Q: 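First the structure, which I've put down as structure tokens, then a few questions once you've had a look.
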Amino acid sequence: MKVTTETVDYVAALARLSFHGDEKEKMAAQLQGILSYMEKLDALDTEAVKPLEHLENAVNVFREDEVRDSFPREEILRNAPRRDTRAFKVPGIME
Amino acid sequence: MNYRTVIGLEIHVELATATKMFCSCTTLFGGEVNTHCCPVCTGMPGTLPVINRKAVELAVRTGLALNCQISSFSKMDRKNYFYPDLPKAYQISQYDLPLCRDGYVEVGERKIGIERIHMEEDAGKLIHDGDGKSSSIDYNRCGIPLIEIVSRPDMSNAEEARDFVEKVRTILQFIGASDCRMQEGSLRVDVNLSVRPVGQESLGIRTEMKNLNSFRAIVRAIESEEKRQIELLESGGVVIQETRRWDDDRGMSFSMRSKEEAHDYRYFPEPDLLPVVIAQEEVLRIKDTLPELPQQRKARYMEQLGLPEYDAGLLTADLGISDWFELVTGLGADPKTVSNWIMGDLMRIQNEKNTNDNPVRPEDFARLLALVGEGVLSQNMARKVLGVMFETGRDPDGIVEAEGLRVVRDDQLLEDLADKVLRENPGPVKDYLAGTEKAFGFLMGQMMRKTGGKADPGMAACILRKKLGDRGN
Amino acid sequence: MDIAGMDMTTAGSLLRDRKISVSELAGEYIKNIREKDPSIGAYLHVCESKTREDIQKAQDMIDRGEASPLAGIPYALKDNICTRGIETTCASRILKGFLPPYNATVADRLDAAGGVLLGKLNMDEFAMGGSTENSAFGITRNPHDKSRVPGGSSGGSAAAVAASMALFTLGSDTGGSIRQPASFCGVTGLKPTYGRVSRYGLVAFASSLDQIGPLGKTVRDCALVMEAIAGHDPMDSTSAAGKDACFTGELEQGIKGMRIAVPREYLAEGISPGVREKVLEGLDMLASMGAVWEEVELKLHDAAISAYYIISSAEASSNLARYDGIKYGFRSDNARDLAELYSKTRNEGFGEEVKRRIMLGTYVLSSGYYDAYYIKALKIRSLIKEEFDTVLGKYDLIAGPTTPTTAFGIGEKTGNPLEMYLGDVYTVSVNIAGLPAVSLPCGTDTSGLPVGFQLIGRAFDEKTLLRCARALEKAREVLP
């Protein structure tokens with residue numbers, strides 16, 4: 001698998017990151033190095049193996065539908081870099 | 001050229017739980033901005049989701065009511081995308097192992113297939129500030145439990161689609177899975193639509209219109225998109241696979257392609273939640289708790305109450321109406337009479353007031369019908385009283401008393417009035433005596449007018465004819 | 001009296017016997033922080049007013065005679081564990097200034113036990129790294145040799161214990177992040193079974209691998225901390241219910257007849273001679289106490305690193321997507337619209353290693369690569385777990401080194417991410433299989449740097465694991 005700068009652009013866009021100039025080349029090379037190392041895995045036959053999605057055997061871990069107090073609004077908003085007294089703020093979004 | 005339209009729907013329905021899907025915040029509608037929030041539903045670092053048992057149960061009920069297979073093993077997945085209304089930047093949903101699959105809904109003579117039903121969480125709400133420079137985010141709705149019902153592409157026109165949504169909505173209300181208040185956004189529909197020339201085997205390219213939240217919008221959006229696609233093909237163009245935004249005010253849709261990016265949601269199993277396993281016995285237990293469904297209730301109304309199919313269908317299209325009907329008839333009122341009143345006057349009043357609510361107490365309504373039966377109120381007077389009952393919530397006896405709406409059945413009074421009417425209208429009297437029956441109606445009208453509509457029509461007519469007979473002799 | 005040299009049991013009984021006060025004990029540690037930390041850099045923040053409150057509360061508990069073994073014990077937390085009203089940054093610029101409105105479950109439990117919180121500890125940003133050089137707020141130095149790294153990602157947690165700047169600390173271990181720094185700093189670190197300790201309030205790196213655990217001076221100290229923090233939490237669906245929660249009960253019962261597996265691969269290529277020698281010495285000690293050790297084969301040893309980096313990066317790419325400058329932490333001032341708000345905030349807020357992992361994780365989950373990388377890794381995870389289960393079906397424990405080398409020099413590996421990743425070779429498979437493991441000091445190499453000895457146990461059988469670790473500790477006469 002060849003990691004090109006186009007690959008870096010595509011993946012970075014999905015991850016909301018961006019790389020420019022040398023950074024992009026460097027990222028491509030590093031990803032390439034890591035992914036090449038990972039190609040070792042291809043040697044293992046896993047055709048009949050079930051992917052392990054959860055370590056534990058427990059299932060149906062549920063909560064009862066009982067209302068608890070929400071947090072005071074100020075606690076919810078207090079860490080927001082841009083806000084007013086009621087809400088989080090983002091740059092205008094026009095649909 | 002003739003075209004066939006193929007429509008598939010995705011219906012997002014808010015489940016009737018008290019708390020959110022993954023935290024204990026309330027699901028109440030209409031709270032002050034950002035007051036139904038906690039660290040979990042606002043995606044703060046380190047917080048973890050825990051599944052609401054009731055949400056799973058309601059989703060299973062829905063699956064059973066829509067004739068689905070309930071998966072013995074299902075799991076939650078993350079759907080990753082960035083948008084300010086989604087605080088974790090992923091939505092917890094179900095991807096390859098949904099809770100329910102392969103169901104159907106009977107709509108008239110047809111079965112519309114249901115591909116799958118899965119559980120997920122709602123996003124927050126963006127409020128566009130007046131200045132256009134900034135937007136506010138309200139996370140109250142964030143994390144509210146939803147199910148997404150995905151139909152098969154089994155519909156071919158707007159009416160079918162509307163009927164399907166109506167049917168699903170009624171069933172969900174009957175089983176208590178959702179209140180389906182469209183005006184509050186608790187039922188939203190995405191429409192997938194394509195057209196193809198008659199005779200063409202393969203499906204055309206489809207577009208998707210998201211978040212339609214009224215029956216009117218569904219119908220208009222489908223008709224408009226059908227027309228747009230056909231005109232495009234007719235003029236030699238091609239349909240582009242895209243998401244379009246329906247603008248209900250302007251009655252047209254707009255491409256959202258410029259806003260979109262590659263749909264690469266990078267679904268993967270949610271590591272913070274364990275699988276949902278539902279044993280067959282549990283499915284049977286839940287099935288046992290399902291109430292009578294609309295279809296069954298309709299059949300019962302026809303068989304046991306002798307209602308015509310039309311009446312039975314209309315009454316069972318809305319859980320509130322149907323339950324109300326049962327309460328009134330349970331008090332001894334005649335089913336067909338009640339049905340006529342509901343379909344006639346009650347629904348007219350609701351339409352006029354543009355509401356689905358019905359504040360009239362069943363016992364009050366039964367009393368109203370009894371007053372008509374006893375001859376205390378005429379049909380017309382009862383209509384007026386119902387209007388007041390609907391408006392004020394007062395009981396019929398009180399209204400009759402207060403408004404002096406009692407039928408006039410006093411012989412002497414009616415005889416005196418009849419004499420007066422005949423004296424004042426010599427022309428019509430002459431016409432009547434000459435054989436013009438129409439003139440009798442006019443004279444009756446005068447009688448009613450003089451009593452403010454309160455004369456007992458039977459008695460009044462009887463007395464009037466007697467007096468006219470006397471004159472003729 | 002060398003107050004700061006005592007272990008928890010000794011300090012605890014002096015507190016309960018009123019030989020020393022809570023404030024005296026905490027004072028020793030605070031003094032150590034003031035004197036030593038400027039040249040070590042273990043702490044990101046100290047929390048003076050919280051410390052004062054905790055001292056008062058603990059002293060009251062002791063005075064009322066309600067004291068648990070942790071009452072009055074000064075401790076500190078890795079900075080990825082949320083503390084109400086106390087800055088929690090994960091050593092990342094993107095969380096600078098974040099004041100959680102809630103406590104992690106472990107923080108609540110230590111509060112309830114009467115622990116005295118001193119502050120929050122440095123780490124690799126978002127726990128990604130093995131040297132604590134990836135902190136956005138400066139490096140931490142190894143107290144044994146200040147030109148060397150303390151290991152990571154819980155480097156601050158290990159260094160603080162090693163330099164007596166906390167009696168115990170909590171760290172988190174996703175692929176070795178407790179054990180490797182414990183090994184580098186010559187302290188004891190326990191990575192509990194996945195599901196043992198609630199993850200609620202632990203800022204997620206890789207949710208299916210992360211686990212909080214203690215670092216302490218002794219095996220018993222770690223066991224005592226476990227008794228306070230372990231157990232089911234309704235806020236964490238993956239926390240196990242109904243498991244035995246006694247960790248100290250069998251510590252002194254010895255290891256006669258215990259069967260220990262030593263994977264051949266753990267002592268083969270890549271291991272430094274100094275580490276190998278000390279590990280073999282440790283194994284001999286275990287044998288002399290009546291345990292039997294045999295070499296076994298772990299065929300999937302080589303695959304573990306790849307599977308680990310695929311799974312952990314995939315989960316991290318999703319877990320770290322929420323840092324967008326809207327709800328908390330850093331927000332770029334240079335953004336003109338929403339798209340720029342995201343990309344500039346994330347570009348300016350995350351460090352290089354974090355971005356690399358997000359890129360890797362996004363890549364392996366993206367359309368077209370999901371099956372080849374992510375699903376493949378989950379399948380290998382299945383096989384690795386099976387392999388461990390098989391070995392642990394025949395043996396009570398698995399033993400070996402914690403790391404291939406002792407602490408390396410600052411800056412030595414920063415240029416080569418893959419080489420850094422390979423340092424996790426003995427630790428990651430434990431997280432993949434969800435097993436408990438402990439690293440404890442096992443002498444020093446020729447440069448005088450601590451060597452770590454790793455023991456791996458069966459799921460939820462920390463008891464056996466700690467019993468063996470205690471036996472080795474005793475044999476090494478780290479303590480009387």
Side-chain angles (χ1 to χ4, degrees), chain B residues 22-24 34 37-53 75-92 95-96 124 126 128 132-137 139 142 258-259 261-276, chain C residues 80-82 88-90 92 94-95 98 100-105 126 198-204 206-210 233-239 311 314-315 317-324 326-329 338-339 341-343 346 361-370 374-375 378:
Chain B
F22 301 117
C23 69
S24 303
N34 289 313
C37 299
C38 74
V40 175
C41 56
T42 53
M44 289 203 197
T47 60
L48 297 170
V50 185
I51 300 174
N52 183 338
R53 180 192 303 278
K75 66 175 169 73
M76 307 305 295
D77 298 283
R78 290 188 186 177
K79 177 183 183 179
N80 295 285
Y81 66 93
F82 287 86
Y83 204 65
D85 64 6
L86 192 67
K88 300 190 297 298
Y90 55 83
Q91 179 192 34
I92 303 178
Y95 183 53
D96 55 338
L126 274 172
H128 305 296
K133 287 189 187 124
S134 62
S135 298
S136 297
I137 314 170
Y139 287 130
C142 202
S258 58
K259 309 269 177 192
E261 50 169 324
H263 279 290
D264 195 341
Y265 290 124
R266 291 155 286 133
Y267 281 99
F268 74 100
E270 167 57 278
D272 290 329
L273 294 170
L274 299 178
V276 175
Chain C
N80 58 353
I81 296 172
C82 287
T88 302
T89 66
C90 289
S92 180
I94 211 156
L95 265 178
F98 175 58
Y102 49 94
N103 259 344
T105 298
F126 283 103
S198 169
R199 292 184 293 114
Y200 188 83
L202 169 68
V203 180
S207 316
S208 78
L209 301 159
D210 295 343
D233 175 12
M235 299 292 274
D236 175 1
S237 310
T238 65
S239 81
I311 295 166
E315 292 180 14
S317 73
S318 173
N319 283 330
L320 271 62
R322 70 187 64 195
Y323 305 102
D324 55 12
I326 297 174
K327 296 144 299 190
Y328 31 71
L338 185 68
L341 175 64
Y342 282 126
S343 66
R346 291 167 63 78
T362 305
Y363 179 86
V364 299
L365 286 177
S366 69
S367 150
Y369 301 104
Y370 183 78
Y374 184 71
I375 292 295
L378 291 189

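Chain naming here is simple, since letters A, B, ... match the order of the sequence lines and numbering starts at 1 in each. Predicted, not measured: the structure shown is a model, and the values here were computed from it.
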Q: Can you list the residues that meet the side-chain contact (heavy atoms from CB on, under 4.5 Å) rule with B:Pro269, with sequence neighbours excluded?
A: A:Glu53, B:Lys75, B:Asp77, C:Tyr370, C:Tyr374

Q: Can you name the closest pair of heavy atoms from C:Tyr328 and B:Gly43 and give their distance?
A: OH-O, 2.6 Å

Q: Taking all non-hydrogen atoms of both residues, which atom of B:Thr42 and which atom of C:Lys327 are closest, and how far apart?
A: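 In terms of heavy atoms, the two residues are closest at O-CD, 3.8 Å.
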
Q: More than 12 heavy atoms of other residues, nucleotides or ligands under 6.0 Å from OH of B:Tyr267: is that the case?
A: yes

Q: Counting C-beta onward and ignoring hydrogens, is there a side-chain heavy-atom pair between B:Pro45 and C:Thr88 closer than 4.5 Å?
A: no

Q: What part of B:Phe268 gets within 4.5 angstrom of chain C, counting heavy atoms only: side chain, backbone, both, or neither?
A: both

Q: Go through the atoms of B:Tyr139 and report whether side chain, backbone, both or neither lie under 4.5 Å from a heavy atom of chain C.
A: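 Interface part for B:Tyr139: side chain.
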
Q: Is C:Pro234 in contact with chain B via its backbone, its side chain, both, or neither, using a 4.5 Å heavy-atom distance?
A: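 For C:Pro234, the backbone is the part near chain B, not the side chain.
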
Q: Please state whether the side chain, the backbone, both or neither of C:Leu341 comes within less than 4.5 Å of a heavy atom of chain B.
A: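 It is neither, since no heavy atom gets under 4.5 Å.
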
Q: Answer yes or no: is there a side-chain heavy-atom contact under 4.5 Å between B:Cys38 and C:Tyr102?
A: no

Q: Tell me, for C:Thr362 versus chain B, whether the close heavy atoms (under 4.5 Å) come from the side chain, the backbone, both or neither.
A: both

Q: Taking the side chain as C-beta and beyond, is there a heavy-atom pair between C:Leu365 and B:Arg78 under 4.5 Å?
A: no

Q: Would B:Asn80 and C:Ser318 count as a side-chain hydrogen bond (donor to acceptor under 3.5 Å, both in side chains) if you check the C-alpha gap in whole Å, the side-chain angles of each, and the deciding distance to 0.1 Å?
A: CA-CA 7 Å; B:Asn80 295 285; C:Ser318 173; 2.9 Å; yes

Q: Which heavy-atom pair separates B:Pro84 from C:Tyr342 by the least distance, and what is that distance?
A: N-OH, 3.1 Å

Q: Between C:Asp324, C:Asn80, C:Asn319, which residue shows the highest count of heavy-atom pairs closer than 4.5 Å to chain B?
A: C:Asn319

Q: Is there side-chain contact between B:Met76 and C:Ser237, with at least one heavy-atom pair below 4.5 Å?
A: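 No, side chains not in contact.
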
Q: Name the member of B:Leu48, B:Ile137, B:Leu86 that forms the most heavy-atom pairs with chain C at distances under 4.5 Å.
A: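 The candidate making the most pairs under 4.5 Å is B:Leu48.
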
Q: Looking at CG of C:Leu202 and OG1 of B:Thr47, how far apart are the two atoms once the value is rounded to the nearest 0.5 Å?
A: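 OG1 of B:Thr47 is found 11.5 Å from CG of C:Leu202.
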
Q: Is it the side chain or the backbone of B:Asp272 that comes within 4.5 Å of chain C heavy atoms, both, or neither?
A: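 Both backbone and side chain.
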
Q: Are B:Met44 and C:Cys82 side-chain neighbours, meaning at least one heavy-atom pair lies under 4.5 Å?
A: no

Q: Non-hydrogen atoms of chain B under 4.5 Å away: do they reach the side chain of C:Leu338, the backbone, both or neither?
A: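 Side chain only.
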
